[in-house]
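The structure appears below as structure tokens.
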Number of protein chains: 2
Amino acid sequence: MNIKEVHNHLRIHGIKPSMQRVSIMQYLLENRTHPTIDQIFTDLLPIIPTLSKTTVYNTLKLFYEQNAVLALTIDEKNIRYDGYTSDHAHLKCKKCGMIYDIPLEKSVLTPLAQTGDNYTIEETQIYFLGVCKKCNVEN
Amino acid sequence: MNIKEVHNHLRIHGIKPSMQRVSIMQYLLENRTHPTIDQIFTDLLPIIPTLSKTTVYNTLKLFYEQNAVLALTIDEKNIRYDGYTSDHAHLKCKKCGMIYDIPLEKSVLTPLAQTGDNYTIEETQIYFLGVCKKCNVEN
DNA sequence: GTACGTGCAAAGAATTTGCAGATAA
DNA sequence: TTATCTGCAAATTCTTTGCACGTAC
């Protein structure tokens with residue numbers, strides 16, 4: 001994904017595009033791995049040697065407040081971030097720890113939306129805990 | 001809820017009932033407030049003055065491993081525990097921070113169960129983030 | 001030049017670990 | 001007795017805060 005696209009993506013969400021912010025958002029958009037703060041920091045440090053972890057914290061907090069990313073708490077230890085904000089569920093494999101995207105059909109989304117009808121719902125998250133296909137085959 | 005019932009509840013889940021374990025489980029069954037470790041500790045300390053926070057951590061980890069409680073990560077700061085393990089969703093109010101139980105209809109559960117069909121799903125959690133009725137009225 | 005962004009170091013909070021004493025079968 | 005359970009203190013990990021320096025408009 002080229003930098004201009006990332007710039008636009010940030011501006012759409014009301015975020016001024018600094019060099020660090022662009023790099024972090026680009027990382028999230030290109031790596032659909034639901035990374036932790038630490039993974040983002042470690043992977044970007046070789047590219048931006050002056051990067052500090054505080055900046056990664058600040059930036060992701062800002063992205064989250066501007067609804068530019070999803071924050072996943074499916075992992076008890078660390079918050080994980082997802083640059084892909086459309087409707088989808090997440091599966092955490094209890095064996096390998098990987099987090100997978102699970103597409104959601106309308107048959108799920110429609111009744112679910114009705115469930116929240118009596119409240120002011122801003123965000124819905126669905127987490128599955130189980131074993132992924134790969135780990136199932138291997139054992 | 002009397003102690004014998006709590007004893008049984010623990011034994012059903014393969015947990016030896018010590019005094020501390022019974023107190024903590026009884027607390028969870030009688031207080032459907034999704035408490036944090038700290039809330040449990042603080043509330044039980046007057047009843048069990050020798051209780052240590054380590055024991056509360058140990059005990060809830062054990063309960064969770066034995067599927068005797070649900071662990072909610074809907075709150076980014078602390079894990080919250082729920083002694084009520086049947087199907088229901090949770091709503092976290094962004095204003096007051098309270099976590100509410102939301103009953104789930106079959107129209108939600110059935111298509112949701114089908115979504116996970118290709119995986120080995122052991123647990124499903126649904127989180128709503130929004131504003132509760134009380135806070136909506138007040139503002 | 002003023003406001004905003006970044007990054008260091010220190011502080012704070014949540015959780016885990018190591019170990020010794022207590023308890024129960 | 002022998003396992004297990006408990007609880008203190010220390011260690012570790014994750015996150016936030018305070019502040020000074022840089023940068024951009």
Side-chain angles (χ1 to χ4, degrees), chain A residues 3 6-7 9-11 13-27 34-66 68-81 97 99, chain B residues 3 6-7 10-11 13-27 34-66 68-81 92 97 99:
Chain A
I3 293 180
V6 181
H7 269 240
H9 188 81
L10 290 179
R11 286 219 186 79
H13 289 95
I15 299 161
K16 284 189 200 166
S18 74
M19 191 261 268
Q20 287 86 341
R21 290 172 180 177
V22 171
S23 297
I24 293 171
M25 182 52 85
Q26 186 176 23
Y27 179 89
H34 316 95
T36 61
I37 294 276
D38 204 65
Q39 283 167 343
I40 298 167
F41 173 72
T42 306
D43 288 351
L44 290 181
L45 197 56
I47 300 162
I48 314 169
T50 61
L51 185 65
S52 99
K53 206 175 270 189
T54 303
T55 298
V56 184
Y57 274 102
N58 289 340
T59 302
L60 284 160
K61 193 181 177 186
L62 176 69
F63 287 1
Y64 178 69
E65 286 166 356
Q66 302 296 331
V69 297
L70 291 180
L72 309 184
T73 56
I74 193 169
D75 181 328
E76 296 101 50
K77 304 261 180 196
N78 309 100
I79 299 178
R80 289 167 173 278
Y81 292 90
I99 294 171
Chain B
I3 295 180
V6 182
H7 269 240
L10 291 178
R11 286 218 187 80
H13 290 94
I15 299 161
K16 285 190 201 164
S18 76
M19 192 261 269
Q20 287 86 340
R21 290 172 180 177
V22 171
S23 297
I24 293 172
M25 182 52 85
Q26 186 176 21
Y27 179 89
H34 318 95
T36 61
I37 293 276
D38 204 65
Q39 284 166 342
I40 298 167
F41 174 71
T42 304
D43 288 351
L44 289 181
L45 197 56
I47 300 164
I48 313 169
T50 60
L51 185 66
S52 99
K53 206 174 269 189
T54 305
T55 299
V56 184
Y57 274 103
N58 289 340
T59 302
L60 284 161
K61 191 180 178 188
L62 176 69
F63 286 0
Y64 177 69
E65 287 165 355
Q66 302 296 330
V69 296
L70 291 180
L72 309 184
T73 56
I74 194 171
D75 181 328
E76 296 101 49
K77 303 261 179 193
N78 309 99
I79 299 177
R80 290 169 171 278
Y81 293 91
K92 183 185 171 194
I99 294 170

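A note on names: the letters A, B, ... follow the listed sequences, proteins ahead of strands, and every chain is numbered from 1. In this text the structure is predicted, and so the values were computed from the model without any measurement.
- Look at D:dA3: its glycosidic torsion is within 90° of 0, and that puts it in the syn range.
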Next on the checklist: Working note: B:Ile74 + B:Ile99, criterion side-chain contact (heavy atoms from CB on, under 4.5 Å); need CA distance, chi angles, decisive distance, verdict.
Outcome noted: CA-CA 9 Å; B:Ile74 194 171; B:Ile99 294 170; 3.3 Å; yes
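- With B:Thr73 contributing its side chain and A:Thr73 its backbone, the two residues share a donor-acceptor pair below 3.5 Å.
- The partner of D:dA3 is absent, by the rule that a Watson-Crick or G-U pair needs both atom distances under 3.5 Å.
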Checklist entry - Can you check side-chain contact (heavy atoms from CB on, under 4.5 Å) on B:Leu70 and B:Tyr81, steps first, answer last? => result CA-CA 6 Å; B:Leu70 291 180; B:Tyr81 293 91; over 6 Å; no
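- B:Gln66 places no side-chain N or O within 3.5 Å of a backbone atom of B:Phe63 that could act as its donor or acceptor partner.
- With sequence neighbours excluded, the residues forming a side chain to side chain donor-acceptor pair (under 3.5 Å) with B:Arg80 are B:Asp75, listed by chain and number.
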Item to check | Intermediate values then yes/no, side-chain contact (heavy atoms from CB on, under 4.5 Å), A:Val22 and A:Ile3 | outcome: CA-CA 7 Å; A:Val22 171; A:Ile3 293 180; 3.9 Å; yes
Item to check | Protein proximity profile, nucleotides 2-18 of chain C - base contact B, sugar-phosphate-only contact S, no contact -, cut-off 4.0 Å on heavy atoms | outcome: --SSSBBB----SBBB-
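- The partner of C:dT23 cannot be assigned: no Watson-Crick or G-U wobble pair with both contacts below 3.5 Å exists in any strand.
- If you walk DNA chain D from 5' to 3' and mark each nucleotide with an atom closer than 4.0 Å to a heavy atom of chain A, the marks span D:dC14 to D:dT17.
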Checklist entry - Can B:Thr36 and B:Ile79 be said to form a side-chain contact (heavy atoms from CB on, under 4.5 Å), step by step? => result CA-CA 6 Å; B:Thr36 61; B:Ile79 299 177; over 6 Å; no
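- Here the closest non-hydrogen pair linking B:Ile24 and B:Val56 is CD1-CA, 4.1 Å.
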